[in-house]
Protein chains: 2
Amino acid sequence: MMQTYTIGQLGRLTDTKVETVRYYERIGLLPHPPRSVGNYRVYDGAHLARLGFIRRARELGFPLDQVRELLELSGQEARSCEQVDELVQAHVTDIERRIHDLQTLRQELTQLLAQCQHGKIAECRIIEALQPRVTG
Amino acid sequence: MMQTYTIGQLGRLTDTKVETVRYYERIGLLPHPPRSVGNYRVYDGAHLARLGFIRRARELGFPLDQVRELLELSGQEARSCEQVDELVQAHVTDIERRIHDLQTLRQELTQLLAQCQHGKIAECRIIEALQPRVTG
DNA sequence: ATCCACCCTGTAGTCACTACAGGGTCAAGA
DNA sequence: TCTTGACCCTGTAGTGACTACAGGGTGGAT
């Protein structure tokens, strides 16, 4: 017999909240599964694999619309890797930009902290630095 | 005479969209300004300074509730810097965690890319790596 | 019969805006 | 005087990716 799962079991196997599984179904990322007599969703191994794929891609930081593209591509076995490669490449570039932005931020904040003399707010360099240069 | 500003002027001076200024008012971050006869908001220099503070803090990545705290603290001139310091310190720690997470992510993705043989999807290592290890 | 864990739908909340729709105001030019 | 166009007003809904109820039904064990 084919293995089946309730939504809760599927969630435990993929580390996904039940509400999230239903959400993925609602936005068309997971197919509507068949229902039991009691109207429970009945999932099979294919559902499990697809949800696993989605969750792994999410862990790697892909937004849902890119996950959708990856799912689409993963089904077209004869197609070349090129698009997958580009998609991942673009994602890496995006991550690198975010790392850079955060590093800049950290430096600014660290400089502020270094200037703090631990006195009163009135002479606090941090608060001062937040005061805008425009004052008229 | 005291300098006054329309919402649009305030927006231009602080690089803030008009809708955002109204949003800050709605959530209580900016006070309700007086209105003109035509029901236009009329801002003064204090509003400008406060909005500038908010925007600068946002640029530095503080979420709005922390901006609220910073605004609160900045008004209490006799108080010690300690809380400001802690707040900024905690923010730096948070940013460092995010940098670390993104670096881990980048490494994982870069490894995937390095494994790509530029062949067909059927043998794509990237797609393969996304396939879940659980398959039953 | 009753309990409890699980499932169902539908709606609203999160964060920090952003984007309308559908109107009113104001200053300048023809 | 009329009209244009830039600006302003309110209120609501959308973004991403969930999360959190409320209010109810189901299934298996005791």
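Note on naming: letters A, B, ... go to the chains in the order of the sequence lines (proteins, then strands), and numbering restarts at 1 for each one.
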Practice task
Write down the distance between CG (B:Asn39) and C1' (D:dC9), rounded to a whole number of angstrom.
Solution key: 6 Å
Practice task
Under 4.0 Å between any heavy atoms, over every strand shown, what does B:Ile7 touch: base, sugar-phosphate, or nothing? Just pick one.
Solution key: sugar-phosphate
Handout entry: Candidate nucleotides C:dA16, D:dC7, C:dC7, ranked by approach to the side chain of B:Leu64 - the nearest
Key = C:dA16
Practice task
Round to a whole Å and report the spacing from NE2 of A:His32 to P of C:dC7.
Solution key: 19 Å
Exercise for the section: Please check the phosphate of D:dC8 (OP1 and OP2 only) for any side-chain N or O of B:Arg35 closer than 4.0 Å. Expected result: no
Fill in the blank from the handout: A:Tyr23 atom OH is separated from C:dG13 atom C1', nearest whole Å, by 14 Å
Handout entry: Side-chain heavy atoms of B:Ile54 within contact of B:Leu30, under 4.5 Å
Key = yes
Handout entry: In one Ile/Leu/Val/Met/Phe/Trp/Tyr side-chain cluster, 4.5 Å: A:Val84, B:Leu113
Key = yes
Practice task
Starting from C1' on D:dT15, measure out to CD1 on A:Ile27 and report it in whole angstrom.
Solution key: 13 Å
Practice task
Rounded off to whole Å, could you give me the CD-to-P distance for the B:Gln9 and D:dC8 pair?
Solution key: 7 Å
Problem - Sugar-phosphate only, base, or nothing, as touched by B:Arg22 at under 4.0 Å among non-hydrogen atoms - result: base
Practice task
Round to the nearest Å and state the distance from B:Arg26 atom CZ to D:dT12 atom P.
Solution key: 10 Å
Handout entry: N/O (side chain, B:Thr20) to phosphate O (OP1/OP2, C:dT18) under 4.0 Å
Key = yes
Exercise for the section: Using only side-chain N and O atoms of A:Arg68, determine if any of them is under 4.0 Å from OP1 or OP2 of D:dG16. Expected result: no
Handout entry: Expected output: side-chain A:Gln117 to main-chain A:Gln115 donor-acceptor under 3.5 Å
Key = yes
Practice task
Check every atom of D:dC8, D:dA17, D:dG27 against the side chain of B:Tyr40 and return the nucleotide holding the closest atom.
Solution key: D:dC8
Fill in the blank from the handout: By nearest-heavy-atom nucleotide on DNA chain C, the more 5' of A:Val18 and B:Lys17 is A:Val18
Handout entry: Gap between atoms CZ and C1', on B:Arg58 and C:dT18 respectively (whole Å)
Key = 14 Å
Practice task
Could you tell me whether A:Tyr24 contacts a base, only the sugar-phosphate backbone, or nothing, with contacts defined as non-hydrogen atoms closer than 4.0 Å?
Solution key: sugar-phosphate
Practice task
For the pair A:Gln76 (side chain) and A:Leu73 (backbone), establish whether a donor and an acceptor sit closer than 3.5 Å, ignoring hydrogens and angles.
Solution key: no
Handout entry: Candidate list B:Asp15, B:Thr14, B:Thr16, B:Thr20, test side-chain hydrogen bond (donor to acceptor under 3.5 Å, both in side chains), partner B:Arg55, passing option
Key = B:Thr16
Practice task
Select base, sugar-phosphate, or nothing to describe what B:Arg55 touches, counting heavy atoms under 4.0 Å on all strands.
Solution key: sugar-phosphate
Handout entry: Phosphate OP1/OP2 of D:dT26 contacted by A:Arg41 side-chain N/O (<4.0 Å)
Key = no
Handout entry: Protein-nucleotide distance (B:Glu19, atom CD; C:dC20, atom C1'), rounded to Å
Key = 9 Å
